Colleague: 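Here you go, one structure.
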Amino acid sequence: MDFGGSKWISTITLAFLSVILITVTLWNLESNQAQHSFVGDLTNKLEGWFLGENGFIEDGNKRGFKAVGPNMTSCHPSYGRTDLLVNCCPPGFQTPVPFVDFQFPDPQSPLRIRRPAHAVDADYIARYNKALSIMKSLPHDDPRSFSRQGNLHCLFCSGAYDQQSYNAPLSIHETWLFFPWHRMMIYFHERIIGSLIGDETFALPYWAWDIPEGMVIPDMYTNKSSSFFHTERDVSHYPPKTADLNYVSDTNLSREDQLDINLSFMYNQMVSGARKTELFMGCKYKAGAEGYCDGPGTIELAPHNALHTWVGSSLNPGREDMGEFYSAARDPIFYAHHSNIDRLWEVWREANKHELDITDPDWLESFFFFYDENLRLVRVKVADVLDTIKLGYSYEQVHRPWLNKRPEPSFPPKLARQMLKTKENENKLQMSSTHVSSSDFDPLGRALDASLTVKVRNHWSKKKKEKVIVVHGIEVKGDAYVKFDVYVNLIDQSKISPKFREFAGTFAHIPGAAASKTTKRKIDLKLGVSELLEDLEADRDENIWVTLLPRTPSCSNVTIGGVRMDYIE
């Protein structure tokens, strides 16, 4: 029979796919483990393809899926800073490695209890120190080694991997992948640590910097003779120095004043500024270059970014190691820092009775790869890491004094509005009028080289929507830590502090996340202000005044696209 060219190719292709499917089926009859390995190896070779409902290999992206995942064979050098090319790629990454899909630990296993680092005892510290010493002694070609564990963060925060099926870099910062990816990382790190000393109950400590007792670097990390010590830190921030959760530069505040500010700041970041999912979790990041977003949540901006910078060495250009994402996980305190970040995610979810949990399948199906304690490469999805009890760990509860630190206005609200209107009429305020529409507003398009006050139209709605100040199109140049704060109806700039109700939020940016000399992303800062406006008695005012206040000299390298008021359902 005479076949046409296209029909002949289709027939051969169908026969080839049928052989693959038959092979997979036979392999499955022999062993589930072998089946996982085979399909894992196949998936690494056919990026973005999977077995569809009709039994044929299909392209998931053609079915409308936008879940994010890495192409493990696409690793390449990346920029830790815009002036620093780094290579964090694992040895032999070019060869596909068989993987298994994630399985929950045995529910009969003991629950690992993560405790505050300042409260652990000498026996715990000794065991952890021993395990960390072993991890640091492992060769670099062992995925469990401390150097390889540290490089994991570099790989996924600097754009070293491309996405599966797309010629687009993958990054886990400043998006809704921030919390689940870090949970995955420290989950496997914790289990590896425990396995090295044969302790299945081992749990990482968390640095409880959100409560007064924990607002110093834990003593265990300052012992020069231990494996927890790290040379690349700012030694002036060692105890008894109180951590600054909204760090800009060193101050001479008393411990009592710093604690007071820290607790008020935590209230803003965890409660009043985090009343909607996107405000806390970050923006929706979908697969493909067009699906990229850059909009961090409250906790990621600070205390997360702020404390990374606060811990890092002032002697290094980017305050490495903790001060730059490519190097941060080289410091053992990174894992205690992110244990607390992980804990606060759970605190926020529970406080909102899980009503704000994300249900988008693209988020739930996004996946990453990690080596476990048995040297197996594991594919784990976001959906797999949403229940800490099923993951086999929990947190020792501590009190939350920041819950009762709702700030008060620094100035009587009615008088403040009258004074602002007077100054506006007298042209004593540099104003730029903006509108409520997200697509129709007067762009500023200017550098933030000085304090800027913007008059924003504040439309009132009866519906239960969260009012959100959007600082749109933020563009950052250079490698320095960038910090500016946002205030509403600010009268007295000598009272610029999170302990006052006028404080709406902060932009704390560590340059270098997915840094590239060819890719520049604009960032949108979204700050929830419904409760703030109520407390300032401005929730029904026609206009409010938004002040962007530069906090670091590097703000002169920041361009602001515009400011507007928006709503989130």
Side-chain angles (χ1 to χ4, degrees), residues 244-251 253 257-258 260-262 264-265 267-269 272-273 296 298 301-303 305-306 309-310 407-411 413 416-417 419-420 423-424 428-434 444-456 458 468-478 480-510 523-529 532-533 535-536 538 543-565:
D244 184 350
L245 305 190
N246 194 31
Y247 178 67
V248 177
S249 59
D250 290 337
T251 65
L253 291 175
D257 285 344
Q258 187 66 70
D260 189 38
I261 291 172
N262 283 348
S264 297
F265 183 69
Y267 178 88
N268 187 81
Q269 302 300 86
S272 64
T298 53
L301 284 165
N305 286 359
T309 305
W310 187 79
E408 296 183 356
S410 68
F411 213 82
R417 296 202 303 282
M419 294 177 66
L420 283 164
K423 288 184 178 181
E424 180 187 7
K428 291 183 178 180
L429 288 177
Q430 183 179 6
M431 296 289 184
S432 177
S433 180
T434 66
L444 296 174
R446 56 155 288 178
L448 192 62
D449 50 4
S451 175
L452 172 67
T453 298
V454 181
K455 181 177 162 184
V456 178
N458 175 33
V468 178
I469 291 173
V470 182
V471 184
H472 172 75
I474 304 169
E475 193 167 5
V476 179
K477 298 178 182 178
Y481 175 59
V482 172
K483 181 84 160 56
F484 66 82
D485 290 339
V486 181
Y487 288 82
V488 174
N489 291 357
L490 179 66
I491 289 293
D492 186 353
Q493 290 199 10
S494 69
K495 294 184 176 181
I496 49 171
S497 168
K499 70 179 182 180
F500 298 121
R501 184 74 277 192
E502 290 85 352
F503 176 80
T506 190
F507 179 79
H509 181 68
I510 299 176
I523 305 169
D524 286 349
L525 174 65
K526 296 184 179 181
L527 304 173
V529 293
L532 176 151
L533 292 176
D535 290 351
L536 294 181
N543 299 297
I544 62 172
W545 287 265
V546 177
T547 297
L548 308 183
L549 194 63
R551 306 290 283 136
T552 58
S554 57
C555 283
S556 61
N557 296 323
V558 175
T559 301
I560 303 296
V563 182
R564 67 175 184 264
M565 181 73 81

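Everything numeric in this text was worked out from a predicted model, so none of it was measured.
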Colleague: Could you check whether any side-chain heavy atom of Thr453 comes within less than 4.5 Å of a side-chain heavy atom of Glu424, counting everything from C-beta outward?
Modeller: no

Colleague: How many angstroms lie between atom CZ of Arg501 and atom CG of Leu532, to the nearest 0.5 angstrom?
Modeller: 4.5 Å

Colleague: Nearest 0.5 Å please: distance from the CE atom of Met565 over to the CD1 atom of Ile469.
Modeller: 5.0 Å

Colleague: Report the distance from atom OH of Tyr487 to atom CZ of Phe500, rounding to the nearest 0.5 Å.
Modeller: 9.0 Å

Colleague: How far does OG1 of Thr298 sit from CG of Leu525, to the nearest 0.5 angstrom?
Modeller: 10.5 Å

Colleague: If you round to the nearest 0.5 Å, how far is CG of Leu448 from CZ of Phe484?
Modeller: 6.0 Å

Colleague: Answer yes or no: is there a donor N or O on one side and an acceptor on the other, between the side chain of Ser497 and the main chain of Lys499, under 3.5 Å?
Modeller: yes

Colleague: Check whether any side-chain N or O of Ser556 sits under 3.5 Å from a backbone N or O of Pro553 as a donor-acceptor pair, and report yes or no.
Modeller: yes

Colleague: Do the non-hydrogen side-chain atoms of Asn246 and Asp485 ever get within less than 4.5 Å of each other?
Modeller: yes

Colleague: Do Pro409 and Glu502 make a side-chain contact, defined as non-hydrogen atoms from C-beta onward lying under 4.5 Å apart?
Modeller: yes

Colleague: Here's a test for you: under side-chain hydrogen bond (donor to acceptor under 3.5 Å, both in side chains), which of Thr506, Thr552, Thr309, Asn305 qualifies with Lys483?
Modeller: Thr506

Colleague: Would you mind reporting whether Asn557 and Val476 have side-chain heavy atoms less than 4.5 Å apart?
Modeller: no

Colleague: Check step by step if side chain to side chain contact (heavy atoms under 4.5 Å, CB included) holds for Ile474 and Ile560.
Modeller: CA-CA 5 Å; Ile474 304 169; Ile560 303 296; 4.1 Å; yes

Colleague: Starting from the C-alpha separation in whole Å, work towards a yes-or-no answer on side chain to side chain contact (heavy atoms under 4.5 Å, CB included) for Tyr481 and Ser554.
Modeller: CA-CA 7 Å; Tyr481 175 59; Ser554 57; 5.6 Å; no

Colleague: Between Pro498 and Asn268, is there a side-chain heavy-atom distance shorter than 4.5 Å?
Modeller: no

Colleague: Report the distance from atom CZ of Arg417 to atom CG of Leu536, rounding to the nearest 0.5 Å.
Modeller: 8.5 Å

